Amino acid sequence: MSIAIENMTKSFGGTSVLRGIDLTVETGELVALLGPSGSGKTTLLKIIAGLEWPNSGGLNVNGQDWLGLAAQDRRIGFVFQHYALFPHMSVRDNIAFGLTVRPRAERPGKSVIAAKVEELLHFLQIDHLGDRYPAQLSGGQRQRVALGRALAIQPTVLLLDEPFGALDAAVRRDLRAWLRRVHEETGSTTIFVTHDQEEAFELADRVVVMGEGRIEQIGNADQIHDHPASPFVARFMGATIELPIMLSAGRAEAVGLDASRLPRRALPDGPATLFIRPADLTPVSDPSGRWQVSRCASNGAILRLELTDGAQTIPVDLPRRAPEAKGLERGVHVTLRPEAAAIFSGPRQMQTQAQTTEFARKEKSL
Amino acid sequence: MTVAAIKPKRVLPGFTLSLGTTLLYVALVILIPVIALILKGAQIGPAQFWAIVTSPRTFAALRVTVTAAALATIFNAFYGLLMAWVLTRYEFPGKRILDALMDIPFALPTAVAGISLTALYSANGWFGTYLAGTGIEVVYTLAGVTLAMAFTSTPFVVRAIQPVLEDLDPALEQAAMTLGASPWQIFRRVVLPAIFPAWLAGSTVAFARSLGEFGAVVFIAGNLPFKTEIAALLAFIRLEEYDYQGAAAIALVLLALALVLLILSNWLQFRSARHLEARS
């Protein structure tokens with residue numbers, strides 16, 4: 001089922017949560033909405049489900065206007081972050097719920113429902129849990145039941161809100177692979193919300209990065225990783241080091257910076273900002289270097305350094321056995337050599353300010 | 001070398017003192033009077049006890065009390081549920097005031113409640129004037145007894161359901177919605193099972209309270225023997241007549257009724273909440 005979202009806006013009180021969202025999801029696609037908390041991703045998911053209503057915009061599914069349909073009539077499968085299983089019903093009754101509430105004329109017979117539930121229990125690999133109550137299940141088992149309950153009504157679209165957010169790391173990895181398989185076997189159009197990059201990139205066909213109620217970038221892992229479309233995406237993808245530079249003929253220039261590994265950019269000359277991940281930055285020993293190692297710690301595999309030029313302190317990670325790591329210790333002077341980086345025009349000062357106002361706004365909306 | 005046994009220290013001190021005080025209080029204020037009552041009743045002997053309880057006037061008083069208490073409880077079960085629903089689910093101006101008003105029956109002396117209800121519903125009272133035209137009589141009838149009992153026991157139901165409704169995860173109802181359930185199905189199959197134990201508990205306490213309600217009822221009931229005389233009043237009359245055995249017998253019946261109901265209700269609550277406990 002293809003989903004077309006057009007120019008959608010939503011605000012709670014005076015706070016804008018969605019500021020014009022345009023997104024198309026194709027039939028059978030598995031899409032992740034990725035963003036920090038407060039980016040509007042869950043609100044967007046709830047609007048598709050009919051649990052929230054936008055202030056303006058369009059939502060069409062297979063050409064049908066869904067904003068005219070109540071949640072009950074959209075036939076979506078929604079999986080909640082904290083499962084929302086009915087606590088007084090057994091696993092079997094939870095899964096059967098969506099079938100047993102159908103109007104009498106459309107309701108399948110008791111034996112048909114029972115058979116369907118058995119089939120789902122088997123498919124979800126929880127055959128032995130049918131008679132248990134939700135309180136007697138582990139987090140991962142509850143999540144499987146929640147998904148089974150959603151799949152029982154053969155949903156047109158499957159929506160998952162932070163599906164693995166409340167689970168521990170090992171269970172998350174398991175369920176991730178399992179969800180991918182469920183998606184492929186049911187062939188349903190699936191959208192899930194997450195703040196975990198690894199989860200989004202590993203699971204989804206396409207990742208939609210959201211920030212501050214806007215779509216910042218749509219793409220796969222490599223595209224978003226290597227070519228962030230905005231300073232927001234760069235920061236979100238872990239480029240926590242921001243250095244002020246001057247661009248001249250597409251080359252980055254700054255005191256104490258060796259930009260020889262960076263390709264030329266088609267950007268206008270003038271002040272700009274370099275965004276680098278701590279792992280993409282190599283400090284090169286240089287007695288006349290502007291930067292100095294102020295801290296040095298090792299976890300065995302990775303050497304964690306802190307460099308300072310007197311005004312700014314930046315973190316750098318490098319493999320402890322790398323040739324560059326030799327001789328790096330407190331007090332050593334270095335030059336910075338970025339191996340990969342994103343560059344956005346404009347002085348850094350302004351962007352830092354923009355960042356602080358962003359945070360202030362986020363806190364207000366909480 | 002001997003090692004002294006380690007005496008674990010409690011995180012919160014004062015357990016002995018606080019438990020002792022509590023037990024002393026329970027003994028003095030609750031257990032001793034109840035035991036005295038039971039001992040008094042035991043002196044009567046089964047045959048005479050039966051004779052007192054089934055004597056026409058006593059039996060009529062017990063019947064009036066139980067009937068009125070049952071009617072009042074049924075009314076409060078629904079009205080209290082509605083009130084709790086309105087107070088938790090909707091936002092409207094004056095909500096806090098309405099919420100505070102719910103406690104008036106607790107705060108108001110029951111005699112004051114009885115007198116004001118009588119004044120309102122008597123033949124020339126505000127409501128009584130209009131009701132007289134329709135032929136409905138409230139004062140000095142079973143309806144009056146029921147009204148007084150309902151008034152004083154409303155908060156038990158409202159206050160029992162309210163916190164449970166407030167804690168109910170909205171995601172449960174949203175989940176039911178996405179699965180295609182109608183509003184009535186959501187209420188019947190998701191909300192009601194969640195609040196049922198609290199509802200039952202509140203209603204039972206309201207019923208037990210109504211059985212013993214005295215102050216509010218005596219003013220509006222008219223206290224006609226065989227018609228609107230309630231058991232608590234009859235026990236009081238027996239005491240005034242120095243008929244301690246008669247008073248104790250009536251009191252014992254009320255006590256037994258209330259106890260049986262509370263136990264039954266607790267058992268039902270336990271049954272319906274069993275699945276909520278993890279069985280690991």
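We name chains A, B, ... by the order of the sequence lines, and we start the count at 1 in each one. Values in this document were obtained by computation on a predicted structure and should not be read as measured data.
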Is it the case that over 12 heavy atoms from other parts of the model lie below 6.0 angstrom from the [atom1] atom of [X]?
X	atom1	answer
A/K110	NZ	no
B/I97	CD1	no
A/F12	CZ	yes
A/R107	CZ	yes
A/H128	NE2	yes

Q) Taking non-hydrogen atoms and a cut-off under 4.5 angstrom, which of residues 72-86 of chain A neighbour chain B? A)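 A/Q72, A/I76, A/F78, A/F80, A/A84, A/L85, A/F86 fall under the 4.5 Å cut-off.
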Q.
Can you list the residues of residues 148-155 of chain A that sit under 4.5 Å from chain B, counting heavy atoms only?
A.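 From residues 148-155 of chain A, the residues near chain B are A/R149, A/A150, A/I153.
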(Q) For the OG1 atom of A/T100 and the CZ atom of B/R189, what is their distance to the nearest 0.5 Å? (A)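 The OG1 atom of A/T100 sits 3.5 Å away from the CZ atom of B/R189.
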**Q.** Results of ring pair (Phe, Tyr, Trp, His ring centres under 6.0 Å) for B/Y79 - residues two or more places apart only
**A.**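 Partners of B/Y79 by the ring pair (Phe, Tyr, Trp, His ring centres under 6.0 Å) criterion, ordered by chain and then number, come out as B/F75.
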Q.
Non-hydrogen contacts under 4.5 angstrom with chain A: give the residues of residues 165-173 of chain B involved, or none if there are none.
A.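 Result: B/A171, B/L172.
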Q: Using non-hydrogen atoms and a 4.5 Å limit, figure out which bit of A/S90 sits close to chain B: side chain, backbone, both or neither.
A: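 The answer is neither part of A/S90.
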Q.
Using every non-hydrogen atom in the two residues, find where B/M177 and A/G50 come nearest and quote the distance to one decimal.
A.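 Closest approach of B/M177 to A/G50: CE-O, 4.3 Å.
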